[in-house]
Amino acid sequence: MNQQTQPSDYLILSRGQWDKNASRDEIQAVIDRFYAWYDRLVSEGRIGPGHRLAPEGKVVSRQVATDGPFAEAKEVVGGYWFIRANSLEEAARIAAENPCLAYGLVCEVRPLDLTRASAYALTNETPT
């Protein structure tokens, strides 16, 4: 019996800013290509909901809530969506087709960890 991998959701974070030397017309053209790419993947069931993020926000810690939303300007996150794929490699291949990458944006592909947090598990939050 051939057992296939069950598709999983992978979070895609759109990071960065447009190339400074790109014209508004070039940027709009690539945005239009992005939405054509995105709509095709939605219709194929390969990509799920996502949105651009508004520029305002808050950074919240135990001490204070400050205007943000970015801890550092170089860490600009412009939007997010979910890719449905059989592996992290496949999700990365799909994300690499994003036409906006040619104009300065970067996609971070992250698998979702659906297990509940535990102080005894090694996770992203565990001190090193």
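In terms of heavy-atom proximity, Gln17 sits nearest to Val76 at NE2-CG2, 4.2 Å. Nearest heavy-atom pair across Ala95 and Val109 is CB-CG2, 3.8 Å. Minimum interatomic distance between Ala85 and Tyr10 (heavy atoms only, all atoms of both residues): O-CE1, 3.6 Å. Taking every heavy atom of both residues into account, Pro99 and Val30 meet most closely at O-CG2, 3.1 Å.
Glu97 and Arg46 are not joined by a salt bridge, as no carboxylate oxygen comes within less than 4.0 angstrom of a charged side-chain nitrogen. No salt bridge links Glu89 with Arg93; every basic N to acidic carboxylate O contact stays at or beyond 4.0 Å.
At a threshold of 4.5 Å between side-chain heavy atoms, the hydrophobic network of Ile, Leu, Val, Met, Phe, Trp and Tyr places Leu11 and Phe34 in two separate groups. Hydrophobic cluster membership differs between Ile31 and Val77, with clusters built from Ile, Leu, Val, Met, Phe, Trp and Tyr side chains linked at under 4.5 angstrom.
Expressed to the nearest 0.5 Å, how far CH2 of Trp37 lies from SG of Cys100 amounts to 8.0 Å. Atom CG of Asp32 is separated from atom CD1 of Ile27 by 12.0 Å, given to the nearest 0.5 angstrom. Taken to the nearest 0.5 Å, the CG atom of Asp113 stands 3.5 Å off from the OG1 atom of Thr115. Atom-to-atom distance recorded for Leu53:CG and Ser14:OG is 8.5 Å, nearest 0.5 angstrom. To the nearest 0.5 angstrom, Glu56 atom CD is 10.0 Å from Lys58 atom NZ.
Remark: Arg110 CZ is loosely packed, at most 12 non-hydrogen atoms of other residues, nucleotides or ligands lying under 6.0 Å away. A 6.0 Å sphere centred on CZ of Arg33 holds more than 12 heavy atoms belonging to other residues, nucleotides or ligands.
Proximity of a side-chain donor or acceptor of Glu90 to a complementary backbone N or O of Asn86 within less than 3.5 Å is detected.
Relative ring orientation between Tyr80 and Phe82 is described as perpendicular, the plane-to-plane angle rising above 60° on a 0-90° scale split at 30° and 60°.
Not a single ring-ring contact (aromatic ring centres under 6.0 Å, His included) links Tyr103 to another residue, sequence neighbours left out.
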Inset, instruction - Under the side-chain hydrogen bond (donor to acceptor under 3.5 Å, both in side chains) rule, what do Ser23 and Asp25 come out as? Steps first, then yes or no, please. - result: CA-CA 5 Å; Ser23 71; Asp25 288 341; 5.2 Å; no
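In summary, the aromatic rings of Tyr35 and Trp81 are positioned with their centroids too far apart to meet the 6.0 Å limit.
Residue Cys107 is tested with Ile94, Ile83, Leu13, Leu101 for a side-chain contact (heavy atoms from CB on, under 4.5 Å); the sole match is Leu101.
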